[in-house]
Amino acid sequence: MKRFPAFDPPEYVDWKPDPALVRAFRSTIQANADRAAIVNELPGEAKLELYRGLLRARLHDIELKRWVRTGVISKAWLGTGEEATTVGPVQALQRGIDIVAPMIRNAAACCEMGMAIADMLRAYLATADSPSGGRDLHVGSFSHGVLQPISHVGDMVPVISGIALTFKIKGEPRVALTWVGDGSTNTAAAHEGTNFAAVQHVPAIFIIQNNQVALGTRLQQHHLPADFRDWPASYGVWGATFDGNNVLDAYAATRIAADRCRKGNGPALLIAETFRMGGHATHDEREARETFPAELFKSWGKRDPIGLYEEYLKEEGVTAKTLGELELEITEQVERAAAEALASRERMPKGETALDGVYANGR
């Protein structure tokens, strides 16, 4: 895809495929027979839809960063470099049936579940026609199966566990999924919610999104041992690790987990190994690069989830022309959404609407 020197991480601007990493992208999938079978059965159009999802996620974040640079908004929380950890799992679910609860860095879950990109952008502008009516930049839409997240990361785990319990009680073959950052695994809510899901044997999927840094604290500084491979067994649930920069591995691992959930096999705990190519938000990107080793950004920068997937698709026979046409399609989609969202600034919420939805009517 086109690179943007003003907005992309420096490691992505002149990105070139590393042959060893391109081979590893394919071998990662082939190493697991169950995942390989799922990927081999994927129609070509489904693989291209995963590509569209990655593009939507990246261009949505680039649009937000452009707004920050031009003074439209003050800051934004981006998922650059982690797009596959969101897009793959969501596309592995059943839209209109399953429920997801994204963290703010998983904003791509919204459009992958059917929300309009313009609504996602309106949330940052706090317009009257934004999903929350101007109350919050955390975006969601329950009618689309997306729970609006809150800043207290980890707290959506017990919420998702409760929703999954409802599915179990009603005998509905539905799945509830949420992501947990490596830092928020330390919260009581995340532990209690996961344990509740395990004990109650509910159809929930928890993805530990290990992006190596909790706000500004490296994984090794807040968690020992410095990985989560033993966590599923500690809760007595089925689990697996997947490459968070490999959208096909993420998709296949989640499909397996979701199928198990629908069959009544209880929750799943997935561990995604990935890295955020920036700061906690746009306001501390420089601080992040001063705090963490340059080699960390360099090594993960070579594993751009979009670039590696493009190389895979080319090997599968997808032409550069087709990829270019898809990129143009998604670019125009995001640009139209941005223009539509910006036009909404003429409709800012009235002060009295702050109390709407807070209290039950008539009480």
Enquirer: Treating R174 as the side-chain partner and F167 as the backbone partner, does any N or O pair qualify as donor plus acceptor under 3.5 Å?
Expert: no
Enquirer: What's the spacing between W179 CH2 and L270 CG if we round to 0.5 Å?
Expert: 11.0 Å
Enquirer: Among Ile, Leu, Val, Met, Phe, Trp and Tyr joined by side-chain contacts under 4.5 Å, find the other residues sharing a cluster with L165 and list them by chain and number.
Expert: I169, F196, V202
Enquirer: Taking all non-hydrogen atoms of both residues, which atom of A252 and which atom of I38 are closest, and how far apart?
Expert: O-CD1, 3.7 Å
Enquirer: So that I know where these two stand, are F228 and W231 an aromatic pair - ring centroids less than 6.0 Å apart?
Expert: yes
Enquirer: Write down the atom of V180, the atom of A190, and the distance for their closest heavy-atom approach.
Expert: CG1-CB, 4.4 Å
Enquirer: Pair L147, M156 - check side chain to side chain contact (heavy atoms under 4.5 Å, CB included), show working.
Expert: CA-CA 9 Å; L147 291 186; M156 296 310 290; 3.9 Å; yes
Enquirer: Specify the closest pair of heavy atoms between A84 and A250, including all atoms of both residues, with the distance to one decimal.
Expert: O-CB, 3.5 Å
Enquirer: Assign the ring pair W300 / F275 to parallel, tilted or perpendicular, where the plane angle (0 to 90°) is split at 30° and 60°.
Expert: parallel
Enquirer: Would V139 end up clustered with V159 when hydrophobic side chains under 4.5 Å apart are linked, directly or stepwise?
Expert: no
Enquirer: Between the main-chain N or O of V146 and the side-chain N or O of S141, is there a donor-acceptor pair closer than 3.5 Å?
Expert: no
Enquirer: To the nearest 0.5 angstrom, please state how far the OG1 atom of T274 sits from the CD1 atom of I207.
Expert: 11.5 Å
Enquirer: Taking it one step at a time, do N106 and E82 satisfy side chain to side chain donor-acceptor pair (under 3.5 Å)?
Expert: CA-CA 8 Å; N106 306 112; E82 304 178 66; over 6 Å; no
Enquirer: Please report the closest heavy-atom contact between F292 and V213, naming both atoms and the distance.
Expert: CZ-CG1, 3.5 Å
Enquirer: E340 and R122: salt bridge (charged side-chain N to carboxylate O under 4.0 Å, His left out), yes or no, with the steps?
Expert: CA-CA 9 Å; E340 185 179 333; R122 284 188 183 100; 2.9 Å; yes
Enquirer: What verdict does the side chain to side chain donor-acceptor pair (under 3.5 Å) test give for K47 and Y312, after you've listed the backbone C-alpha separation in whole Å, the side-chain angles of each residue and the deciding distance to 0.1 Å?
Expert: CA-CA 10 Å; K47 290 183 178 180; Y312 170 88; 3.1 Å; yes
Enquirer: Is the shortest side-chain N to carboxylate O distance from K298 to E11 below 4.0 Å?
Expert: no
Enquirer: What pair of heavy atoms forms the shortest contact from G301 to Y12, and how long is it?
Expert: O-CE1, 3.4 Å
Enquirer: At their closest point, which heavy atom of L64 faces which heavy atom of A76, and how far apart are they?
Expert: CB-CB, 3.9 Å
Enquirer: Can you tell if the side chain of T187 reaches within under 4.5 Å of the side chain of H152, non-hydrogen atoms only?
Expert: no
Enquirer: Treating K65 as the side-chain partner and H60 as the backbone partner, does any N or O pair qualify as donor plus acceptor under 3.5 Å?
Expert: no
Enquirer: I'd like to know if the side chain of D284 and the backbone of A281 have a donor-acceptor N/O pair within less than 3.5 Å.
Expert: yes
Enquirer: Checking salt bridge (charged side-chain N to carboxylate O under 4.0 Å, His left out) for the pair R3/D304: CA distance, chi angles, key distance, verdict?
Expert: CA-CA 12 Å; R3 308 295 171 153; D304 172 19; 2.7 Å; yes
Enquirer: Find out whether L21 and R303 are in side-chain contact, i.e. whether some heavy atom of one side chain is under 4.5 Å from a heavy atom of the other.
Expert: yes
Enquirer: List the steps and the verdict of side chain to side chain contact (heavy atoms under 4.5 Å, CB included) for R58 and D8.
Expert: CA-CA 9 Å; R58 179 70 57 83; D8 272 316; 4.1 Å; yes
Enquirer: Salt bridge check, D61 against R66: does any charged N sit closer than 4.0 Å to a carboxylate O?
Expert: no
Enquirer: Quick check for you: to the nearest 0.5 Å, what is the distance between T254 atom OG1 and D259 atom CG?
Expert: 10.5 Å
Enquirer: Please check if the side chain of E310 supplies one atom and the backbone of M1 the other of a donor-acceptor pair under 3.5 Å.
Expert: yes
Enquirer: When you measure from the side chain of E83 to the backbone N and O of G81, does any donor-acceptor pair fall under 3.5 Å?
Expert: yes
Enquirer: Judged by atom type as modelled, is there a donor-acceptor pair below 3.5 Å linking the side chain of T85 to the main-chain atoms of G244?
Expert: yes
Enquirer: Determine whether a donor-acceptor pair (N or O, by modelled atom type, separation under 3.5 Å) exists between the side chain of R276 and the backbone of G279.
Expert: yes
Enquirer: Can you check whether K302 reaches L308 side chain to side chain, under 4.5 Å on heavy atoms?
Expert: no
Enquirer: I need the L55 CG to K2 NZ distance, nearest 0.5 Å.
Expert: 13.5 Å
Enquirer: Check whether the side chains of D129 and S344 place a donor and an acceptor atom closer than 3.5 Å, and report yes or no.
Expert: yes
Enquirer: Could you tell me whether the side chain of Q212 and the main chain of N210 form a donor-acceptor pair under 3.5 Å?
Expert: yes
Enquirer: Does NZ or CZ of R289 lie under 6.0 Å from the centre of the six-membered ring of F297, at an angle within 45° of the ring axis?
Expert: yes
Enquirer: Are H138 and W77 an aromatic pair by the rule of ring centers under 6.0 Å?
Expert: no
Enquirer: Take atom CD of E316 as the centre, draw a 6.0 Å sphere, and report whether it contains more than 12 heavy atoms from other residues, nucleotides or ligands.
Expert: yes
Enquirer: Dump the intermediate steps for salt bridge (charged side-chain N to carboxylate O under 4.0 Å, His left out) on E49 and R56, then the final yes or no.
Expert: CA-CA 10 Å; E49 185 55 33; R56 276 191 291 265; 2.7 Å; yes
Enquirer: Are F242 and Y251 grouped together when hydrophobic residues (ILVMFWY) are joined by side-chain heavy atoms under 4.5 angstrom apart?
Expert: yes
Enquirer: T322 and T319: side chain to side chain donor-acceptor pair (under 3.5 Å), yes or no, with the steps?
Expert: CA-CA 5 Å; T322 297; T319 65; 2.9 Å; yes
Enquirer: When you group the ILVMFWY residues by side-chain heavy-atom contacts below 4.5 Å and let the links chain together, are L313 and I330 in the same group?
Expert: yes
Enquirer: Measure the CD-CD distance between Q209 and E273 for me, rounded to the nearest 0.5 Å.
Expert: 11.0 Å
Enquirer: Working note: Y51 + I306, criterion side chain to side chain contact (heavy atoms under 4.5 Å, CB included); need CA distance, chi angles, decisive distance, verdict.
Expert: CA-CA 8 Å; Y51 182 60; I306 297 180; 4.2 Å; yes
Enquirer: So how far is it from I205 CD1 to R260 CZ, rounded to the nearest 0.5 Å?
Expert: 10.5 Å
Enquirer: With no hydrogens and no angle check, is any side-chain donor or acceptor of S299 less than 3.5 Å from a backbone partner on E295?
Expert: yes
